[in-house]
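The structure appears below as structure tokens.
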Amino acid sequence: MAESKTEADTGQTLTTGQWIKQQNDLPRLDCELTLCHILEVNRASILARPERPLAARELVEINRWADALRNDIPFAYLAGEQEFWGLSLAVSPQVLVPRPETERLVESALALLQSGANILDLGTGSGAVALAIASERIDSKVTATDISAEALLVAKQNAEKLEIEVTFQESRWFENLTGRWQIIVSNPPYIDPADPHLEHLHAEPQHALIAHEKGLADLRQIIAEAPGYLDNKGWLLLEHGFDQAQQVRLLLKQSGFQAVSSHRDLANIERVSVGQYFHE
Ligand SMILES: C[S@@+](CC[C@H](N)C(=O)[O-])C[C@H]1O[C@@H](n2cnc3c(N)ncnc32)[C@H](O)[C@@H]1O
């Protein structure tokens, strides 16, 4: 694995442009954003002034970030924040970094949301999905849960900072919940423990990623139990893996859901599956 060179190693002052060129094993965007954060400038300034020299103390910090990125530490953990649905969310290694594909789950929920509806977000992590929905529909009542008290602390801090109203509750899926919701959304763990990609995801909380039964155990449990917590004609919306849509649709149908369908993300992958439940 390549390591970043310091001024002492090279005996000369590096410019930002030279430093970016040296990091040829890292994505260029990560390098530019690292410089933005450490030098406290915007990206336009990095692009416009590649001849800007790096002071020794700046180089030490920049190289520390570059080495962390080489060790698969997500950029968002280093920066302590991630943008999701236009909201700047604080993130820490206690929560999964919210991903752009999860915005599809938000879009699908907003399309089904009626005025004044109550919504439940299971496994909220940083609060991303719950806060995005609540930010769009201030007349909705959003409840967000997680099994992790540490994750809920991050989510609560995000809600306070953004001044968005969400009720948080610690719960293992539906265990501590009473009541019914018009919409239940979840982006649960869905990675097969045997998935080789996990090797590069060691910095993220493993309980947020991995589900047994080839990644389907949590999806299966939520689908089986959701009817007991949905209003008549309520909707369940689930994010899942790129190759799980067919199995999730089948599970929804087996649990009695109707109007079952899957929605594609920007990469044209079936990413979210939904179903509506009618109580007889
Ligand atoms: C894939 S992450 C999704 C986080 C966030 N909703 C997002 O989309 O960025 C899954 C979340 O589910 C939580 N979780 C895992 N198992 C759970 C369980 N049995 N009950 C409740 N939450 C659980 C994890 O702590 C994690 O925050």
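Predicted model only: the values in this text are computed from it and were never measured. Side-chain atoms are counted along with the backbone in the values below, which use heavy atoms only and exclude waters and symmetry mates. Whatever order the structure lists them in is the order used to number ligands and atoms, beginning at 1. For this chain, numbers begin at 1 and follow the sequence in order.
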Query raised in the report: Is W173 in polar range of ligand 1, meaning some N or O pair under 3.5 Å apart?
Result: yes
**Report entry** Side chain, backbone, both or neither: the part of A151 lying under 4.0 Å from ligand 1 by heavy atom
**Finding:** neither
Requested in this report: Closest by any non-hydrogen atom to atom 10 (C) of ligand 1: pick that one out of N176, N187, I191, L96.
Outcome: N187
Report task. Please confirm whether F75 and W65 have ring centers closer than 6.0 angstrom. Result -> yes
Query raised in the report: How about T124 and D121: does a side-chain donor come under 3.5 Å of a side-chain acceptor?
Result: yes
Query raised in the report: Among protein heavy atoms, which sits nearest to atom 1 (C) of ligand 1, and what does the distance come to when rounded to 0.1 Å?
Result: A208 O, 2.9 Å
Query - Within-shell test, S171 vs ligand 1, heavy atom, strictly < 4.0 Å - result: yes
Report task. Output yes when R49 and E51 qualify as a salt bridge under the 4.0 Å nitrogen-oxygen rule, no when they do not. Result -> yes
Query raised in the report: Would you call P189 a ligand 1 contact, heavy-atom distance under 4.0 Å?
Result: yes
Query raised in the report: For atom 22 (N) of ligand 1, what is the nearest protein heavy atom, given as residue, atom name and distance?
Result: I147 N, 3.2 Å
Requested in this report: May I ask you to check whether R249 and S262 show a side-chain donor-acceptor distance below 3.5 Å?
Outcome: yes
**Report entry** CG/L29: more than 12 non-hydrogen atoms of other groups inside 6.0 Å
**Finding:** yes
Query raised in the report: Out of G127, G123, G125, who gets a non-hydrogen atom closest to atom 6 (N) of ligand 1?
Result: G123
Report task. Check whether any side-chain N or O of S140 sits under 3.5 Å from a backbone N or O of V142 as a donor-acceptor pair, and report yes or no. Result -> no
Query - Any side-chain donor near an acceptor of the partner, R70 and Q23, under 3.5 Å - result: yes
Query raised in the report: Please state which protein non-hydrogen atom is closest to atom 15 (C) of ligand 1 and give its distance, to 0.1 Å?
Result: H207 O, 3.4 Å
Query raised in the report: Which atoms of ligand 1 sit under 4.0 Å from any heavy atom of R172?
Result: 19 (N), 20 (N)
Query raised in the report: What are the atoms of ligand 1, with element, lying closer than 4.0 Å to any heavy atom of T102?
Result: 8 (O)
Query raised in the report: Are a donor atom and an acceptor atom from the side chains of Q169 and T145 found within less than 3.5 Å of each other?
Result: no
Query - Shortest protein contact, atom 9 (O) of ligand 1 (heavy atom only) - result: P98 CA, 3.7 Å
**Report entry** Side-chain donor-acceptor pair present, D218, W173, cut-off under 3.5 Å
**Finding:** yes
Query raised in the report: Counting heavy atoms only, which of T124, I222, T145, V129 comes nearest to atom 5 (C) of ligand 1?
Result: T124
Query raised in the report: To which protein heavy atom is atom 25 (O) of ligand 1 closest, and what is the distance rounded to 0.1 Å?
Result: D146 OD1, 2.6 Å
